[in-house]
Amino acid sequence: IRKTPDDSITQPSLKTSPSVIPSVKQNQSQQSGIQKIVDMDYAASKGAGYVHWAKRHNLKAEARTLLAYQQAGFQSPEELAIAISDAHESMLTARKQVKDLEAVISKKKELQTHVQAFLKTKPIIDEYEKLPKKSKQDAFRQAHQSDFILREAAIRYFKTNGFEKVPSGKKLQSEIENLISEKNAAYVAYHDAQDEEKKLRTIQANLEKMLQKNQPEQTKEISHERNE
C-alpha cells in the first residue's frame, strides 16, 4: 500500500500481513471512527465547496478504512463478509436475550406484586379471623373490602401459577436484581455487536467504492503497457 503525503491511497490492497491486531473494535480509539466515502457525483450536485470538502473527507475515510481492514486481520473481502455475518448473528442473539430476560423480569415483578399484597394484608386478615361474631366479621370485611380483594387476587395467582406456598419476598427481590444485571449486560453486548456490524459494513462499502474508483485507472495502465 502506497500513501501520498496527504494520506491519499493510490492502490488499495486487500492482502495483509499475518502479524496484525485481530479485532477492529480493539483499535477503535486509534482510528477516530470510520465514516462512509461520499459519492462524488452527489458532491458535484452540491457545488464546488462541497466537492472540495468531499475530496478531503474521502481521503481520510479511505486511509482509515484500509487501516481498520488490515488491523482486523482480514485476508480477503470474503473474510470481511463472514465477520459481518458473525457480528449480525451476535447482535440478534443478544437482542433475543434482552427480550427474553425482560419477559422473565416482568413475570417476576408480577409475582412480587402479589407477594407484597398478600403480606401487606395479613394483619387485616388475622384481625378478621379473631372476631367472634359473623356480624362483626361482615362489618369488618365491608370496611376493609379493598384489602380482601387484593388478598384473594394474590391467592388465585399463586394457585393458578402452581405456588403451593407464598414465595420469599427477599429471595424474589434478589432474583429480580440478578436478572436486571443480566439484562443490562446483554443490552451492552447487543449494542457492541450492533456497533461492530455497522463499522464492518462501512468498511465493506468503502472498499467496494475504492476498488470501483481504481478499476478505470488500472484499465488505463494495462492498455498503456500493451501499446508500449
Side-chain angles (χ1 to χ4, degrees), residues 21-31 33-34 68 71-73 81-203:
I21 301 174
S23 171
V24 172
K25 189 169 287 297
Q26 290 175 2
N27 304 286
Q28 190 170 3
S29 61
Q30 299 176 12
Q31 296 159 13
I34 301 172
Q71 290 181 328
I82 291 172
I84 292 172
S85 178
D86 290 344
H88 184 70
E89 287 301 317
S90 295
M91 182 273 293
L92 292 178
T93 298
R95 184 174 66 182
K96 183 179 183 303
Q97 187 178 8
V98 169
K99 290 183 178 296
D100 289 347
L101 285 168
E102 285 176 341
V104 174
I105 291 169
S106 178
K107 290 294 292 182
K108 291 284 185 181
K109 286 186 174 182
E110 184 180 29
L111 172 60
Q112 185 183 49
T113 298
H114 287 293
V115 169
Q116 290 171 344
F118 184 89
L119 296 175
K120 181 181 178 181
T121 57
K122 187 178 185 303
I124 299 296
I125 301 304
D126 290 344
E127 186 176 352
Y128 167 80
E129 292 175 348
K130 290 176 182 178
L131 294 173
K133 295 181 180 179
K134 187 177 183 305
S135 59
K136 289 187 176 181
Q137 286 183 335
D138 289 345
F140 185 89
R141 186 182 181 97
Q142 185 67 28
H144 299 86
Q145 187 174 13
S146 61
D147 293 299
F148 280 89
I149 291 173
L150 289 173
R151 177 83 167 194
E152 290 164 3
I155 292 173
R156 284 195 304 271
Y157 183 88
F158 297 148
K159 288 182 178 179
T160 301
N161 290 276
F163 294 100
E164 296 181 358
K165 61 179 182 179
V166 181
S168 166
K170 185 176 181 180
K171 182 180 178 181
L172 188 57
Q173 179 61 30
S174 178
E175 290 175 357
I176 291 173
E177 289 174 359
N178 290 336
L179 287 167
I180 290 174
S181 294
E182 288 183 37
K183 188 201 79 170
N184 290 342
Y187 194 75
V188 170
Y190 163 70
H191 276 286
D192 285 347
Q194 191 178 50
D195 290 344
E196 182 77 350
E197 180 185 3
K198 181 180 179 181
K199 187 172 187 176
L200 292 173
R201 288 191 184 279
T202 300
I203 292 172

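Judged by distance alone, with hydrogens and angles left aside, the side-chain atoms of Ser181 form a donor-acceptor pair with the main-chain N or O of Glu177 at under 3.5 Å. Proximity of a side-chain donor or acceptor of Thr93 to a complementary backbone N or O of Glu89 within less than 3.5 Å is detected. Not a single donor-acceptor pair under 3.5 Å links the side chain of His88 to the backbone N or O of Ile84.
Nearest heavy atoms, Ala94 versus Ala189: CB-C, 4.0 Å. Closest approach of Leu101 and Ala186 over heavy atoms only: CD1-CB, 4.4 Å.
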Start with the C-alpha gap between Phe140 and His144, add the side-chain angles, then the distance that decides, and say whether ring-ring contact (aromatic ring centres under 6.0 Å, His included) holds. CA-CA 6 Å; Phe140 185 89; His144 299 86; 4.2 Å; yes

Side chain to side chain contact (heavy atoms under 4.5 Å, CB included) between Leu111 and Leu172, worked out: CA-CA 9 Å; Leu111 172 60; Leu172 188 57; 3.9 Å; yes

Which is it for Asp100 and Lys96 under the salt bridge (charged side-chain N to carboxylate O under 4.0 Å, His left out) test, yes or no, and what are the steps along the way? CA-CA 6 Å; Asp100 289 347; Lys96 183 179 183 303; 2.7 Å; yes

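Sequence neighbours left out, the pairs with a member in residues 113-124 that pass side-chain hydrogen bond (donor to acceptor under 3.5 Å, both in side chains) are Lys122-Asp126.
The side-chain heavy atoms of Phe118 and Leu150, taken from C-beta on, include no pair separated by under 4.5 Å. Using a 4.5 Å cut-off on side-chain heavy atoms (C-beta onward), Ile82 and Asp86 make contact. A heavy-atom distance below 4.5 Å is found between the side chains of Ile34 and Ile203. Contact check for Glu196 versus Leu200: side-chain heavy atoms found under the 4.5 Å cut-off. Side-chain contact between Tyr187 and His191 is present, with at least one heavy-atom pair separated by less than 4.5 Å. With a 4.5 Å cut-off on side-chain heavy atoms, Tyr128 and Gln137 count as touching. Side chains of Tyr190 and Ser90 form no contact here, defined as non-hydrogen atoms less than 4.5 Å apart.
Remark: Ser168 pairs with Lys170, Lys171 by the side-chain contact (heavy atoms from CB on, under 4.5 Å) rule, at least two apart or across chains.
The pair Arg151-Asp147 does not meet the salt-bridge criterion, since no charged nitrogen lies less than 4.0 angstrom from a carboxylate oxygen. A salt bridge links Arg141 and Glu152; the closest N-O separation between the charged side-chain nitrogens and carboxylate oxygens is under 4.0 Å. In this structure, Glu110 pairs ionically with Lys107, as a charged nitrogen and a carboxylate oxygen lie closer than 4.0 Å.
Here the CD1 atom belonging to Ile105 is positioned 6.5 Å from the NZ atom belonging to Lys109, to the nearest 0.5 angstrom. In this structure, CG in Leu179 is found 11.5 Å from CD in Glu102, a value given to the nearest 0.5 Å. To the nearest 0.5 Å, atoms CD (Gln194) and CZ (Arg95) are separated by 8.5 Å. Atom CG of Asn161 is separated from atom CZ of Arg156 by 12.5 Å, given to the nearest 0.5 angstrom.
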